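Values in this document were obtained by computation on a predicted structure and should not be read as measured data. As a basis for the values below, the full set of heavy atoms in this structure was taken, side chains included, without hydrogen atoms, waters or symmetry mates.
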Amino acid sequence: MPAKILVVDNRRFLRHSVCLLLADQSDWDVYEAESGKVALDRIQELKPNVVVLAIMMTKMNGLEAASKIRKLAPETIFIFMSSQYTPQEAALITRLFGGNFVQKSDLHTKLIPTISRLLPLD
């Protein structure tokens, strides 16, 4: 069964770019959400293995969304993407969610290996 990956970012161009990048993986099904709220709505139906989540989003930031998603789907793996984050955010994400970060400038080279490393082997 293919792994389900949900990409969450309020910027359409970046979200679509990440989805296109991940869609090349034949053993992954890729979905998208344009906000933390939409991601929360989709979590129950999709039950994604991995959520790739922007830290900085309008209305609900990535940390808030991840905290709420964790309550609905505790087995979900999170990968946070950002062009910048504070040391406090990094420490909090590491403590709460395992510290899986990919800089937005490195998405094309590091995202697929990061997801592959985190997904359980069948």
Side-chain angles (χ1 to χ4, degrees):
M1 178 181 288
K4 295 178 185 175
I5 315 293
L6 178 62
V7 178
V8 187
D9 195 316
N10 62 324
R11 295 186 324 196
R12 182 199 284 190
F13 178 77
L14 182 77
R15 192 175 67 245
H16 284 229
S17 296
V18 172
C19 287
L20 285 172
L21 172 72
L22 299 179
D24 285 342
Q25 304 299 307
S26 61
D27 52 344
W28 296 351
D29 287 340
V30 181
Y31 305 89
E32 61 184 283
E34 62 271 14
S35 69
K37 181 176 179 345
V38 173
L40 285 169
D41 292 342
R42 300 203 71 198
I43 286 298
Q44 295 293 359
E45 88 182 64
L46 292 176
K47 297 181 177 34
N49 303 90
V50 176
V51 175
V52 179
L53 192 60
I55 294 174
M56 301 297 292
M57 291 188 292
T58 56
K59 297 181 183 160
M60 182 188 305
N61 70 37
L63 294 175
E64 291 174 87
S67 294
K68 292 178 180 190
I69 291 168
R70 165 88 16 105
K71 289 177 183 162
L72 296 171
E75 67 288 342
T76 301
I77 298 166
F78 294 95
I79 299 172
F80 292 90
M81 55 182 175
S82 182
S83 26
Q84 58 188 23
Y85 47 87
T86 67
Q88 294 83 1
E89 287 172 324
L92 182 65
I93 290 169
T94 299
R95 187 167 47 83
L96 297 177
F97 303 106
N100 300 307
F101 294 100
V102 176
Q103 290 280 0
K104 285 186 177 180
S105 59
D106 294 332
L107 287 170
H108 285 291
T109 57
K110 295 189 176 172
L111 185 57
I112 290 173
T114 300
I115 294 171
S116 296
R117 175 176 54 83
L118 294 170
L119 282 173
L121 298 174
D122 290 331

Open item on the list: Applying a strict under-4.5 Å side-chain criterion to I, L, V, M, F, W and Y, I'd like to know whether Met56 and Val38 cluster together.
Closed with: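 Shared cluster, no.
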
Task: All side-chain hydrogen bond (donor to acceptor under 3.5 Å, both in side chains) counterparts of Glu75, not counting sequence neighbours - done: none

Task: Which residues share a side-chain hydrogen bond (donor to acceptor under 3.5 Å, both in side chains) with Thr58, sequence neighbours left out - done: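 For Thr58 the side-chain hydrogen bond (donor to acceptor under 3.5 Å, both in side chains) partners, ignoring immediate neighbours, are Asn10.
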
- [ ] For atom CE of Met60, decide whether the heavy atoms of other residues, nucleotides or ligands shown that lie under 6.0 angstrom number more than 12.
- [x]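 Enclosed: over 12 neighbouring heavy atoms sit under 6.0 Å from CE of Met60.
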
Task: Exceeds 12 heavy-atom contacts within 6.0 angstrom, atom NZ of Lys4 - done: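 For Lys4, atom NZ is crowded (more than 12 foreign heavy atoms under 6.0 Å).
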
Task: Closest non-hydrogen atom pair, Val30 against Ala23 - done: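 Reported closest heavy-atom pair: CG2-N, 3.9 Å.
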
TODO: Quick one: pull up CG in Asn49 and OG1 in Thr76 and give me the separation to the nearest 0.5 Å.
DONE: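 The CG atom of Asn49 sits 8.0 Å away from the OG1 atom of Thr76.
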
- [ ] Nearest 0.5 Å please: distance from the NE2 atom of His16 over to the CG atom of Leu14.
- [x] 10.5 Å

Would you call [X] and [Y] a side-chain contact if the rule is heavy atoms closer than 4.5 Å?
{"X": "Phe101", "Y": "Ile55", "value": "yes"}
{"X": "Val50", "Y": "Leu118", "value": "no"}
{"X": "Val52", "Y": "Ile115", "value": "yes"}

Task: salt bridge (charged side-chain N to carboxylate O under 4.0 Å, His left out) partners of Asp29, counting only residues at least two apart - done: none

Task: With Tyr31, the side-chain contact (heavy atoms from CB on, under 4.5 Å) member among Leu46, Ile5, Val8 - done: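 Option passing the side-chain contact (heavy atoms from CB on, under 4.5 Å) with Tyr31: Leu46.
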
Open item on the list: Here's a test for you: under side-chain contact (heavy atoms from CB on, under 4.5 Å), which of Leu22, Val18, Ile112 qualifies with Leu107?
Closed with: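 One option only clears the test, and that one is Val18.
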
Task: Pairs flagged by salt bridge (charged side-chain N to carboxylate O under 4.0 Å, His left out) wherever residues 6-16 is involved - sequence neighbours left out - done: Asp9-Lys104, Arg15-Glu32

- [ ] Mind jotting down which residue pairs meet the side chain to side chain donor-acceptor pair (under 3.5 Å) criterion with at least one end in residues 105-114? Sequence neighbours excluded, please.
- [x]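 Qualifying pairs: none.
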
For residues 61-73, please give each side-chain donor-acceptor pair under 3.5 Å, one per line with the distance, not counting sequence neighbours.
unit_1	atom_1	unit_2	atom_2	d
Asn61	OD1	Leu63	N	2.9
Asn61	OD1	Glu64	N	2.9
Glu64	OE2	Asn61	N	3.1
Ser67	OG	Leu63	O	3.0
Arg70	NH1	Leu96	O	2.8

